2 protein chains.
Amino acid sequence: MAVSTEEAAGAARKSADPALCPYRLVLEHVTSRWGVLVLIELLDRPHRFSELRRAIGRTSGRQVSEKMLTQTLQTLERDGLVHRDAKPVIPPRVDYSLTGLGREAAEQVRTLARWTEHRMADVEQARQAYDEARAAHSARA
Amino acid sequence: MAVSTEEAAGAARKSADPALCPYRLVLEHVTSRWGVLVLIELLDRPHRFSELRRAIGRTSGRQVSEKMLTQTLQTLERDGLVHRDAKPVIPPRVDYSLTGLGREAAEQVRTLARWTEHRMADVEQARQAYDEARAAHSARA
DNA sequence: CGGCATCCGATAGGATACTG
DNA sequence: CAGTATCCTATCGGATGCCG
């Protein structure tokens, strides 16, 4: 595909909204749909690519596509949160692990995830109340 | 795929992916693009609708559309994280504040946001290294 | 002012095929 | 196995206009 150097560099920052403060972008990466799961999973132990894919599928109930996993990992690697160790063997073997920075982020994310899990009952209850109030409201039409 | 016979219940609000574990959904709401900012902003003090909109625009560098703010607030309200207080006056006045549950979530989110802010230098440095390594790599052709 | 309904472009994200 | 490239759809999110 023969891209120029500037295009390649720009592609790495493709979702860079110029009007957003920079730290917001990192926060987006960390809290992104798959970023969260990757960080949590890697907090347990290093994973290989497909291993990570299956692990996420198992814990989140949904399989991440190769494309999105690749993209997520690259973003997190570029931000210095994930370390990529590619061994030059056939068949290829690539191990992903957290950096020190990544571990700090992952721990906070996991804390939040666990809190959410722990508080699910309250949330479900709130939802029920909300939905019932809405149903009663529209019934008064 | 993933779409089948459902929605007939009517009360099935929004896009609830049935294959995702429930707590993952709440996590998505909390860590969503505007959810994060709303929670952090409300942690300071209660806000009115437009006030919240402007406050987010100020801190994030980008204005939320009314639509997204409305949607975000409704989702968070339904999850029991945000309390909506609509006064029946003309012109309308609606105040949003955090519930106890919401405050717990917001505090964790703010911690994460502050960590990100604090670690931005490391991230930027990692990015530079990553981009330079990539540039050198593609130059080897 | 605080919404809701609608249209619309942008992008996130999935399925598949192909490569080293 | 670990990606890359391509295509395509679904969802996000903004702009506009209307209403209480």
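The model shown is predicted, which means the values in this text are computed figures rather than measured ones.
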Take the protein atom [atom1] of [X] and the nucleotide atom [atom2] of [N], then report the distance between them rounded to whole Å.
{"X": "A:Asp85", "N": "D:dC1", "atom1": "CG", "atom2": "P", "value": "18 Å"}
{"X": "B:Glu66", "N": "D:dC18", "atom1": "CD", "atom2": "C1'", "value": "12 Å"}
{"X": "B:Lys67", "N": "D:dT11", "atom1": "NZ", "atom2": "P", "value": "13 Å"}
{"X": "B:Gln71", "N": "D:dG13", "atom1": "CD", "atom2": "C1'", "value": "8 Å"}
{"X": "B:Phe49", "N": "D:dC19", "atom1": "CZ", "atom2": "P", "value": "19 Å"}
{"X": "B:Trp34", "N": "D:dG13", "atom1": "CH2", "atom2": "C1'", "value": "9 Å"}

Do any side-chain nitrogens or oxygens of [X] fall under 4.0 Å of OP1 or OP2 in [N]?
{"X": "A:Ser50", "N": "D:dA2", "value": "yes"}
{"X": "B:Arg48", "N": "C:dG2", "value": "yes"}
{"X": "A:Gln63", "N": "C:dG14", "value": "no"}
{"X": "A:Tyr96", "N": "D:dC1", "value": "no"}

Touch class at under 4.0 angstrom, heavy-atom based, for A:Arg84 against every strand present: sugar-phosphate

Touch class at under 4.0 angstrom, heavy-atom based, for B:Glu51 against every strand present: nothing

First of B:Asp95 and A:Ser65 reached from the 5' end of DNA chain C, by closest nucleotide: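 Nearer the 5' end of the strand: B:Asp95.
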
Lys/Arg-Asp/Glu bridge criterion (N-O < 4.0 Å) met for A:Glu51, A:Arg45: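 Yes, charged N to carboxylate O under 4.0 Å.
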
DNA chain C base-pair string [pairs: Watson-Crick or G-U under 3.5 Å; |: paired with another strand]: .|||||||||||||||||||

By salt bridge (Lys or Arg N to Asp or Glu O under 4.0 Å) - contacts of B:Arg93 (at least two apart):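 Counting only residues at least two positions away or on another chain, B:Arg93 forms a salt bridge (Lys or Arg N to Asp or Glu O under 4.0 Å) with B:Asp95.
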
